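As a basis for the values below, the full set of heavy atoms in this structure was taken, side chains included, without hydrogen atoms, waters or symmetry mates. All figures in this text were calculated on a predicted structure; none of them were measured in a lab. Each ligand, and each atom within it, is numbered from 1 in the order the structure gives.
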Amino acid sequence: HKVNQVHRTGYHFQPPMNWINDPNGPMYYKGLYHLFYQYNPKGVVWGNIVWAHSVSKDLINWEALDHAIYPSKWFDINGCWSGSATILPGNKPMILYTGIDPKQRQVQNYAVPKNLTDPYLREWVKPDDNPIVDPDNTVNASAFRDPTTAWWADGHWRILVGSKRKHRGIAYLYRSRDFKQWVKAKHPLHSSPKTGMWECPDFFPVSLSGQNGLETSVVGQNVKHVLKVSLDLTRYEYYTVGTYDKKKDRYTPDNTSVDGWGGLRFDYGNFYASKTFFDPSKNRRILWGWANESDSVKDDMQKGWAGIQAIPRRISLDASRKQVIQWPVEELETLRGQKVQLNNQKLQQGEHFEVKGITAVQADVDVTFSFPSLDKAEPFDPKWAELDALDVCAQKGSKAQGGLGPFGLLTLASENLEEFTPVFFRIFKAPTKHVVLLCSDATSSSLGNGLYKPSFAGFVDVDLTKKQLSLRSLIDHSVVETFGAGGKIVILSRVYPKLGVFDKAHLFVFNNGSETITVENLNAWSMKQPLMNAPIRK
Ligand code: FRU
C-alpha cells in the first residue's frame, strides 16, 4: 500500500498507515516510555480495534512493536477499546481496558506483562478471571468504558469508568483491595447533567507549588485535583479543577471551574480522548491527546492514514489555581535545526512580513508581541458572552480590521496568500476587564474541497500589565498546534493546503489592528524528522 505523503506529519506521532484514535495506557517503565493507541490494522476508518504499541526513550523518537492487546478471548472478542496503565508496588505495570464481549457489552478487563524483565513489555497476558468489572443492571452496558489509571488511598485502589444515564454524564467509581475484586461505590465520583456520555475520564492530582507532576495516588494539603472528560456529543473535552475528599470519595469542582459544555478545555481545537501519566524519571505529568483528520474519508483513503497524536505536553496547575498550563515536552527541542531570530520589529496596521530561512512547513515558532497601550482595544459585545469563542472568531477573523489585534502568525501560507492558517490574538475591552481571544482559523487554509475548516478559538484569562502576549506554534504539514500565553491556552488545528506544501509553504507575521504591534522577540526553527515508528527487529 502506497501512502501519499503531502500532508503526512514530520514529527507528530503516527504509524506508517491506517486509522488511529485514542492514546492508551501511557507509562514509563525501566527507561522506556510506552504509548499504546487505538488502531485499525485493516483500514483508514474506525474498526477492528486493537492496542498498537510503540516505545521511546525520549517521547520524540518512536519504535513500533507488535500489537499488545487484540481480540482473542470471549471478553474482548469484539474489540479492545480504551484504557490505562497503573504501576503497582514492586514496579509491576498493569493495564485496564474495555473489552467488547459477544453480546456487544462493554466490560472492563485487565492484562499483565508476560515477562517483567523485558523493558519493551512486548507480550501481554489476559487472565481467565476477566472481566473484572461487569456492567450491573443499573448501568448502560453500551455506555460503560475507558477505565482510568488507579489511585490508592486508605487500603483501597480506585478507578473511574466513564458512562451516562439518560443525558447525565457519569464517572463511576470502583474500589478494590487486590486489583481483582472490584466493587462499585454507592456514589459516582462525579456526574453532571446534560453533558451526555463521558468518554475517557482522567483524574489526577496537581501540585499547588510549582510545576512538578505528582504520582496519581498523591492526596493532601498541597494538592488540587483535575477531572477531565471527553464529550462524544460535542467532540470536545472539558475539565474542572477541584477538591478530592478521599474519606467521602467525592470530587467537588471549585466554584471558579464551570462543569459542562462551557467549561475549560485542555485544547480549543481538534484534540480528544486525552490521557495523562506521571513520569517519575523527570517528575512531571504528561498529557497525550488524539487529533482526528479534518479532511474527507475519500482523502483518507488516498492518504492511506488517518489520525495523529498531539505532541506530548507537560501539564501543571497555573499559579492562579484556576486552570492548568501546558507546554510541549522539552525533548521536542532536540529536533530544532536551522534557526532564525528577529527582535524589535514594528508592525503597523495592515503590515505583514515573512520569516525566511527555515522550512516553514515543519517548524517551531516562538514569538512575543508587545503593544504600547490597551487603549485601542475594541469593546466586547455582551452578546458574545453567550457564544462559543469559535463563533466570535468566525465573525472577527484575521482579515477584519481591529483595534488591538488581530495580530499573530500566518502559518502554512502560500506565497501570495491564496492559502493561510492565521493564529492570532484580538483583545477586547469588557466593562471591568480586558478579554483576550486566541484564534486558529482554518477558513482560508486550503483551496481544496470537502474539508472541515473551523475557526477554532478560546478566551484566555491573562495578565496584560506587561502589555505582552506570546505564541508558540508547532507547524507540521497538516498540523498547527499553538500554545498561547505561555501555555494557558492551546489550539490544535488540522489543515490541508494545496499550494502551501513542502518548500512552497511560507510563514508570515501580521497585524491588522490600528494599534502598532512590536515583535519583541521571534525565534523560529526548522524541525528535524525523528524516528517515527520504524519496526524493531525481534
Ligand atoms: C473515544 C472512544 C472511547 C472508546 C474508543 C473506541 O474516542 O470512543 O470511548 O473506548 O474510542 O475506539
Quick one: sort the W51 and F36 rings into parallel, tilted or perpendicular, breaks at 30° and 60°.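 The arrangement is tilted - the two ring planes meet at 30° to 60°.
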
Determine the interplanar angle of the W198 and Y238 rings, folded into 0 to 90°, and report it as parallel if under 30°, tilted if 30 to 60°, perpendicular if over 60°.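 Judged by the thresholds at 30° and 60°, the geometry between W198 and Y238 is perpendicular.
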
Between the candidates D146, I100, N40, which shows the shortest non-hydrogen contact distance to atom 4 (C) of ligand 1?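 Heavy atom nearest to atom 4 (C) of ligand 1 belongs to D146.
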
Taking distance alone, with no angle check, do [X] and ligand 1 share an N/O pair under 3.5 Å?
X    : result
Y272 : no
W46  : yes
R145 : yes

Indicate whether any N or O donor in one side chain lies under 3.5 Å from an N or O acceptor in the other, for Y70 and D76.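 No, no side-chain donor-acceptor pair sits under 3.5 Å.
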
Do H7 and D299 have a side chain donor and acceptor closer than 3.5 Å?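 D299 and H7 do not have a side-chain donor-acceptor pair below 3.5 Å.
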
Quick check: do V226 and V324 have side-chain heavy atoms less than 4.5 Å from each other?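 Side-chain contact under 4.5 Å: yes.
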
Salt bridge or not between D22 and K275? Use side-chain N to carboxylate O under 4.0 Å.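 Here D22 does not pair with K275 in a salt bridge, since their nearest N and O are not under 4.0 Å apart.
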
Under a 4.0 Å N-O cut-off, is there an ion pair linking D295 with K303?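 The answer is yes: the pair qualifies as a salt bridge.
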
In the protein, what heavy atom is nearest to [atom], and what distance, to one decimal place, separates them?
atom                    : value
atom 12 (O) of ligand 1 : Q38 OE1, 2.6 Å
atom 7 (O) of ligand 1  : D22 OD1, 2.7 Å
atom 8 (O) of ligand 1  : E199 OE2, 2.8 Å

Which ligand 1 atoms does S82 reach within 4.0 Å, using its non-hydrogen atoms?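 What qualifies from ligand 1 is 5 (C), 10 (O).
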
Heavy-atom pairs closer than 4.0 Å: do any link ligand 1 to the side chain of N21, the backbone, both, or neither?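 The answer is the side chain of N21.
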
